[in-house]
*Asks:* 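A single structure is presented below for examination.
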Amino acid sequence: PFKFFELELNSTIPIQFEGDSVISDSQIYARVLTSINKLEMNFSYVTRKNEELMNLVGRTLIDLLRVTPQGVLIFFQSYQSMNNITDHWKRSQQFSSMNNLKQIYIEGKDVQRDLELFKEKSKEGAIFMGVMGGKLSEGYDFTDHMARLVVLIGVPYPNIMDIKVKSKRAYLDNKRKEQRGDFLSSDEWYLGKAVRSTNQAIGRAIRHYMDFGAVVLIDKRFENVSIR
């Protein structure tokens with residue numbers, strides 16, 4: 001969003017243009033899952049390892065995979081989250097159930113090789129799992145059959161305990177105090193990072209004016225006004 005760029009640059013962009021969508025409502029289905037079986041979907045730091053939460057998301061994905069043709073992209077909020085959840089699915093046999101429905105590829109060191117395999121396999125049915133903000137969600141084009149469904153699990157806020165994140169937030173707060181509020185706040189920067197990563201991942205679903213697909217966001221926090 002232009003707002004975050006202007007605040008981060010501490011400047012205004014005098015000429016702005018935002019084009020209308022080139023697709024119709026019939027070409028995209030989007031939904032936020034705030035709860036499943038009355039359990040709140042929230043992959044925050046406190047609840048991210050809740051086994052019941054991971055089980056319900058796993059079962060929901062299996063149901064979605066049964067009715068979705070061709071390629072599916074599943075993005076997690078971080079690499080740690082992806083590893084924790086997929087490891088749990090492997091222990092509970094949900095991972096093998098998904099793999100039986102569609103061949104699974106996971107973002108790793110040799111992304112280019114796996115991408116070529118996925119591209120071919122997705123014509124029949126395949127899954128590529130990656131991370132919002134990673135190479136898969138921002139640097140590759142998943143057109144047509146490669147992404148009939150995009151699923152986002154969790155909100156990709158930066159790790160608030162990371163020293164780089166702490167330093168950035170402290171710097172922004174100090175600059176804001178110096179300029180008496182006329183500067184990007186640490187909270188605005190933190191939110192902006194999550195919004196940009198989310199938008200990039202969602203954008204994998206529709207790549208041209210004749211494309212179509214579905215997007216499912218699994219986390220109650222996606223309903224927050226600040227993110228929407």
*Asks:* Look at the side-chain heavy atoms of Ile, Leu, Val, Met, Phe, Trp and Tyr, link any pair under 4.5 Å apart, and say whether Ile74 and Ile36 land in one connected group.
*Replies:* yes

*Asks:* Picking from Ile62, Leu64, Asp63, what satisfies side chain to side chain contact (heavy atoms under 4.5 Å, CB included) with Thr60?
*Replies:* Leu64

*Asks:* Would you call Lys121 and Glu124 a salt bridge, using N to O less than 4.0 angstrom?
*Replies:* yes

*Asks:* List the atom of Val165, the atom of Pro158, and the distance in Å for their closest heavy-atom pair.
*Replies:* CG2-CB, 3.8 Å

*Asks:* Check this for me: does any side-chain nitrogen of one of Lys135 and Glu138 sit under 4.0 Å from a carboxylate oxygen of the other?
*Replies:* no

*Asks:* Evaluate the side-chain proximity of Phe43 to Ile85: yes if any heavy-atom separation is below 4.5 Å, no if none is.
*Replies:* yes

*Asks:* Roughly how far apart are Ser197 OG and Ile202 CD1, rounded to 0.5 Å?
*Replies:* 11.0 Å

*Asks:* Show your working on salt bridge (charged side-chain N to carboxylate O under 4.0 Å, His left out) between Glu116 and Arg113 and close with a plain yes or no.
*Replies:* CA-CA 5 Å; Glu116 291 302 317; Arg113 182 203 64 186; over 6 Å; no

*Asks:* Should we say atom CD of Glu52 is surrounded by more than 12 heavy atoms from elsewhere, each under 6.0 Å from it?
*Replies:* no

*Asks:* Has Tyr157 got a side-chain atom pairing as donor or acceptor with Leu191's backbone, closer than 3.5 angstrom?
*Replies:* no

*Asks:* Check the angle between the aromatic planes of Tyr105 and Phe118 and answer parallel, tilted or perpendicular using the 30° and 60° thresholds.
*Replies:* perpendicular

*Asks:* Indicate yes or no: at least one non-hydrogen side-chain atom of Gln70 is less than 4.5 angstrom from one of Met146.
*Replies:* no

*Asks:* Would you call Asp219-Arg221 a salt bridge at under 4.0 Å N-O?
*Replies:* yes

*Asks:* Is any NZ, NE, NH1 or NH2 atom of the basic residue among Arg169 and Asp187 found under 4.0 Å from an Asp or Glu carboxylate oxygen of the other?
*Replies:* yes

*Asks:* Please report the shortest heavy-atom distance between Leu184 and Arg176, naming the atom on each side.
*Replies:* C-NH1, 4.1 Å

*Asks:* Please determine whether the number of non-hydrogen atoms from other residues, nucleotides or ligands lying under 6.0 Å from atom CG of Asp25 exceeds 12.
*Replies:* no

*Asks:* Which heavy-atom pair separates Thr47 from Leu53 by the least distance, and what is that distance?
*Replies:* O-CD2, 3.6 Å

*Asks:* Name the residue from Lys193, Met132, Gln200, Arg196 that meets the side chain to side chain contact (heavy atoms under 4.5 Å, CB included) definition with Pro156.
*Replies:* Met132

*Asks:* Can you give me the closest heavy-atom contact between Met41 and Leu56, atom names plus distance?
*Replies:* CE-CD1, 4.4 Å

*Asks:* Can you find a heavy atom in the side chain of Leu33 that is under 4.5 Å from one in the side chain of Leu217?
*Replies:* no

*Asks:* Is there a path of hydrophobic side-chain contacts, each under 4.5 Å between heavy atoms of I, L, V, M, F, W or Y residues, that connects Ile106 with Leu73?
*Replies:* no

*Asks:* Just by modelled atom types, is the Ala147 backbone N or O under 3.5 Å from a matching donor or acceptor in the Arg207 side chain?
*Replies:* no

*Asks:* Distance check, rounded to the nearest 0.5 Å: Lys90 atom NZ versus Gln93 atom CD?
*Replies:* 12.0 Å

*Asks:* If you compare all heavy atoms of Lys102 against all heavy atoms of Leu65, which two are closest, and at what distance to 0.1 Å?
*Replies:* CE-O, 3.6 Å

*Asks:* Using a 4.5 Å cut-off on heavy atoms from C-beta on, say whether the side chain of Met129 contacts that of Thr86.
*Replies:* yes

*Asks:* Indicate the ring-plane relationship of Trp89 and Phe76, choosing parallel, tilted or perpendicular according to the 30° and 60° boundaries.
*Replies:* tilted

*Asks:* Test Phe128 against every option in Val72, Leu115, Ile104 by the side chain to side chain contact (heavy atoms under 4.5 Å, CB included) rule and name the one that passes.
*Replies:* Leu115

*Asks:* Short question: side chain of Asn55, backbone of Glu51 - any donor-acceptor pair under 3.5 Å?
*Replies:* yes

*Asks:* Identify the two heavy atoms, one from Val131 and one from Phe75, that lie closest to each other, and give their separation to 0.1 Å.
*Replies:* N-CD2, 3.9 Å

*Asks:* Measure the shortest side-chain to side-chain distance between Arg31 and Val215 over non-hydrogen atoms and say whether it is less than 4.5 angstrom.
*Replies:* no

*Asks:* Check this for me, if you would: do Asp211 and Arg148 make a salt bridge, where the nitrogen-to-carboxylate-oxygen distance has to be below 4.0 angstrom?
*Replies:* yes

*Asks:* Would you mind reporting whether Ile218 and Val216 have side-chain heavy atoms less than 4.5 Å apart?
*Replies:* yes

*Asks:* When rounded to the nearest 0.5 angstrom, what distance separates OG in Ser137 from CZ in Phe142?
*Replies:* 9.0 Å

*Asks:* How far does OG of Ser122 sit from CG of Asp144, to the nearest 0.5 angstrom?
*Replies:* 10.0 Å

*Asks:* We want to know whether Glu107 and Tyr79 form a side-chain donor-acceptor pair, criterion being a heavy-atom distance below 3.5 angstrom.
*Replies:* yes

*Asks:* Rounded to the nearest 0.5 Å, what separation is found between the NE2 atom of His208 and the CG atom of Asp141?
*Replies:* 8.5 Å

